[in-house]
Amino acid sequence: MDCREYISEYLAGHADGELAPLARRAGDEHVAGCPICRAQLIENRALKAMVRQSAGIVKAPADLKARIRTALDQADRANDAPWDTRLAAFAAMPRRIGERLRAPIVWAPAGIAAAIAIALMIAIGSVNHRRAAAIPPVPQFELAIARYHDFQREFVPNVPAEAYSDGDSTLYAWVMNRDPVRRVAADEAQTDAFDDIARSYRSANMPDDLFDLTQAGYEIAGGRVDRMADGRPVTYTLYTGRAGQIVSLCFSDPTMAAPLHAVNWLGMRSFYEYKGYSICLSFYPTGHFISILISRMPVTQLMRDIAAADLSGISR
Amino acid sequence: MARKSGTATDKRLAFEREALPHLDAIYTAALRLARNADDANDLAQETILRAYRFFDQFTPGSNCRAWMLTILYNNFRNSYRRGARERPADSADEFSGEIDANSLDADQSRINPEELLSSRMTGQRIELALAALPDEFREALILVDVQELNYQEVADVLGVPLGTVKSRVSRGRALMRRALCKLDRARGKTGT
Ligand SMILES: [Zn+2]
């Protein structure tokens, strides 16, 4: 066999121990005589180990284990009980309303159906409460929401600003571009927009990395440097794409800790569903800077787009 | 209780012995699929209870983890999966052409295995590379590498032919590898 055949037909199965005896012998023979494919095989096995290690099995929370034991006990008891009690036990299981309720089909007389409905309403009430209580108010997220709304109405980039100066302590004293959103992206090459905005942020002593969301189908609509009410500088960057708009805020905040109940993590970034918004929070290694991206799109979409940006090599 | 039958107790004991040791694995898979802790908890609990209810149908001696993962995936597909999570259907094809061309290159950008295992290649990079994969490739890789299922078991869990699993694993690894090479070049940046 040649290398092409080995790599496309044998390599993965070889690394996974999935080749039948004959195929395995053929694979062994090929790598024995081919250092390139041998290296690929070793690399494939190393990759397996890394995936197992970093995306490995996580421990189920203790309260889940307790809930499951209770539910199994209930199921055991219900097995011995008359059928109407069984139905009630089923209805009392924690579950959320929606599609999932149609999965088990149970026939029930009207009285029992009403009992089930009541049990479900109680269960749903408690679930909603748990969800609402999941993330206590986060001031930084509230700020992000307020800005997101401001910028929905109007986003006026104040960078690039060639004569940029913070000499008079108003960081945006010199406003160059008062045109509506998209002016930067529409009038200049994408690379220039990146460079100009990054340069402006840099001259305000702010982090100058921008998300390169172009791969994910976004344009950079513009950037702003402002001060917050307490005087801290803040940068706002607006990205627009098919899936909607993303507003990015960056400022220094030594008090910020990642709130609990992130829906997911990607390396240093954590993702939240917060009051109907999708939020990505990142911490910079230096200067206590944090970055918050906020959007109305589903959090899974935001994650995917940001992962794509992280992979595409970021700022120039 | 005198009424409690011997068989019911036996069933519970067998279930505790065979199935419950896989709870962490089930929870991990649920977390991957549901992508938030609340849904993952619900999904894992429903899976365990359903497995208990249908435990008679489990073939003793076969892979109990694979059997439970099959229940989990079915449950997820039927009840949880929403449009937002799906990528366009053509994504797999789009990627595969690219990979075939790329994985056979002379390999300028080979990953050094020692480097791959060194601390510099943190879990974070692996997570990023995994996250960037189309769902179907990532699921296949995770089931093989993390859940340690064989290809046939993965085929059963995902409800796809064996050949599909083979190609998803093979292409998924090639994609991961490329993503890691990219990450190597663009390292240590944050964005704003
Ligand atoms: Zn070869």
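So that the names make sense, note that chain A is the first sequence line, chain B the second, and so on, each numbered from 1.
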Exercise. Count the heavy-atom pairs under 4.5 Å between each of B:D24, B:L31, B:V146 and chain A, then report the option with the highest count.
Key: B:D24

Quiz item: Picking from A:G13, A:G56, A:P61, which has the most non-hydrogen pairs under 4.5 angstrom with chain B?
Solution: A:P61

Quiz prompt | Presence of salt bridge, B:R32 and B:E127, under 4.0 angstrom | solution = yes

Quiz item: Does any heavy atom of chain A fall under 4.5 Å from the side chain of B:L20, the backbone, both, or neither of them?
Solution: side chain

Quiz item: Most heavy-atom pairs under 4.5 angstrom with chain B, which of A:L11, A:I292, A:V58?
Solution: A:V58

Quiz item: With a 4.0 Å cut-off, would you call A:D73 and B:R12 a salt bridge?
Solution: yes

Practice problem: With a 4.5 Å cut-off on heavy-atom pairs, point out which of A:K59, A:M297, A:R45 contacts chain B the most. | Solution: A:K59

Exercise. Can you measure from CG (A:L293) to OG1 (A:T237) and round to the nearest 0.5 angstrom?
Key: 8.5 Å

Quiz item: Can a salt bridge be assigned to the pair A:E43 and B:R173 using a cut-off of 4.0 Å between side-chain N and carboxylate O?
Solution: no

Quiz item: Is B:D145 paired with A:K48 through a side-chain N to carboxylate O contact shorter than 4.0 Å?
Solution: yes

Quiz item: Non-hydrogen atoms of chain A under 4.5 Å away: do they reach the side chain of B:A25, the backbone, both or neither?
Solution: both

Quiz item: If you count heavy-atom pairs under 4.5 Å with chain B, which of A:V299, A:D63, A:N44 comes out on top?
Solution: A:N44

Quiz prompt | A:I57, part contacting chain B, at a heavy-atom distance under 4.5 Å | solution = both

Quiz prompt | Carboxylate-amine/guanidinium proximity below 4.0 Å for B:K166 and A:E9 | solution = no

